[in-house]
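One structure is given below, encoded as structure tokens.
Proteins come first, then strands; the chains are lettered A, B, ... in the order of their sequence lines, and each starts at number 1.
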Amino acid sequence: MNATTEWPTDPAEARALQTRLARKVRLGPAPESVQLIAGVDTGFADAGRTARAAVVVMRWPGLEPVAEMVAERPTPMPYVPGLLSFRELPAVLDALERLAMTPDLVLCDGQGIAHPRRLGIAAHLGVITGFATIGVGKSRLVGTHAEPDIGKGAWAPLMDGAERIGTVLRTRAGVRPLWVSPGHRVDHDGAADWVLACCRRYRLPEPIRAADRLASRRP
DNA sequence: GCGACAG
DNA sequence: ATCTTGTCGC
């Protein structure tokens with residue numbers, strides 16, 4: 001499945017596809033050698049009918065931007081909690097495919113496996129591209145957790161019953177935490193470590209901040 | 001039946 | 001997510 005593949009339009013069909021794809025998610029150590037980290041974010045226009053995805057690639061460890069790409073695609077279905085990836089991924093894949101390089105790690109806006117069927121947008125993207133991905137949510141979709149301490153780097157496990165599905169991570173002292181979860185080919189520790197390592201002076205990791213700006217920039 | 005609900 | 005300027009608070 002790529003940017004030009006047919007995407008489900010029916011919610012029930014989309015949920016069934018998520019359940020199938022979730023079995024392909026692989027958690028494990030993050031890539032050993034990381035030199036290029038990409039941030040992905042999506043903005044909308046035309047009353048939500050057009051998705052505008054932005055990808056910014058930065059070099060590790062300096063986080064200097066080395067490439068950026070933007071792509072627009074019509075959105076297949078309206079926003080439904082739990083089905084976000086079907087709205088954003090067509091545009092995201094388009095942007096990634098047009099990139100003249102391959103990132104070693106991809107930070108994605110939204111959840112990884114911290115999802116009802118364990119296939120948030122970051123996990124979905126990882127499974128269909130093979131990229132190592134990490135989900136970075138600005139709020140909670142599912143799961144319960146304690147409130148992390150006030151300082152930068154403080155965290156609490158995000159749980160769904162007895163299963164750990166992510167990390168609630170304070171990336172800046174005194175501000176709302178981030179809901180971080182593995183997408184594909186990373187584990188809980190690696191996901192939280194990489195997100196924190198990419199946060200400089202702001203709540204959001206630099207690659208996602210940059211993609212955020214690009215995606216919402218008025219053409 | 002009544003809330004909750006990524007972006 | 002998006003519609004939108006100034007404004008309350010540390």
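- Put simply, the side chain of A/D10 gets close to the backbone of A/E13: a donor and an acceptor are under 3.5 Å apart.
- With hydrogens and angles disregarded, a donor-acceptor distance shorter than 3.5 Å links the side chain of A/R203 to the backbone of A/P177.
- Note on A/G43: only backbone sugar-phosphate atoms sit closer than 4.0 angstrom, heavy atoms only; bases stay farther off.
- One distance of note links CD of A/Q111 with NZ of A/K138; it measures 9.5 Å at 0.5 Å rounding.
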Secondary-structure string, 5' to 3', Watson-Crick or G-U under 3.5 Å, | for another-strand partners, for DNA chain C | ..........

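- With hydrogens and angles disregarded, no donor-acceptor distance shorter than 3.5 Å links the side chain of A/S85 to the backbone of A/L119.
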Strand DNA chain B in bracket notation, Watson-Crick/G-U under 3.5 Å with | for pairs to another chain = .......

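- Take A/W155 and apply the ring pair (Phe, Tyr, Trp, His ring centres under 6.0 Å) test, not counting sequence neighbours, and it matches no residue.
- Taking the six-membered ring where tryptophan is involved, the planes of A/W7 and A/H124 are tilted, since the angle between them lies from 30° to 60°.
- Salt-bridge formation is detected for the pair A/E163/A/R118: a Lys NZ or Arg NE/NH1/NH2 atom is positioned less than 4.0 Å from an Asp or Glu carboxylate oxygen.
- Where DNA chain B meets chain A (any atom under 4.0 Å from a heavy atom), the bounding nucleotides read 5' to 3' are B/dA4 to B/dG7.
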How does protein reach along nucleotides 4-10 of chain C, written 5' to 3' as B (base within reach of a heavy atom under 4.0 Å), S (only sugar-phosphate), or - (no contact)?
-> -------

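- Remark: C1' of C/dA1 and CG of A/D46 are 13 Å apart, rounded to the nearest angstrom.
- Heavy atoms of A/L119 sit nowhere under 4.0 angstrom from any nucleic acid atom.
- Within residues 136-158 of chain A, the residues that have a heavy atom under 4.0 Å from DNA chain B are, in order of number, A/G137, A/K138, A/S139, A/R140, A/L141.
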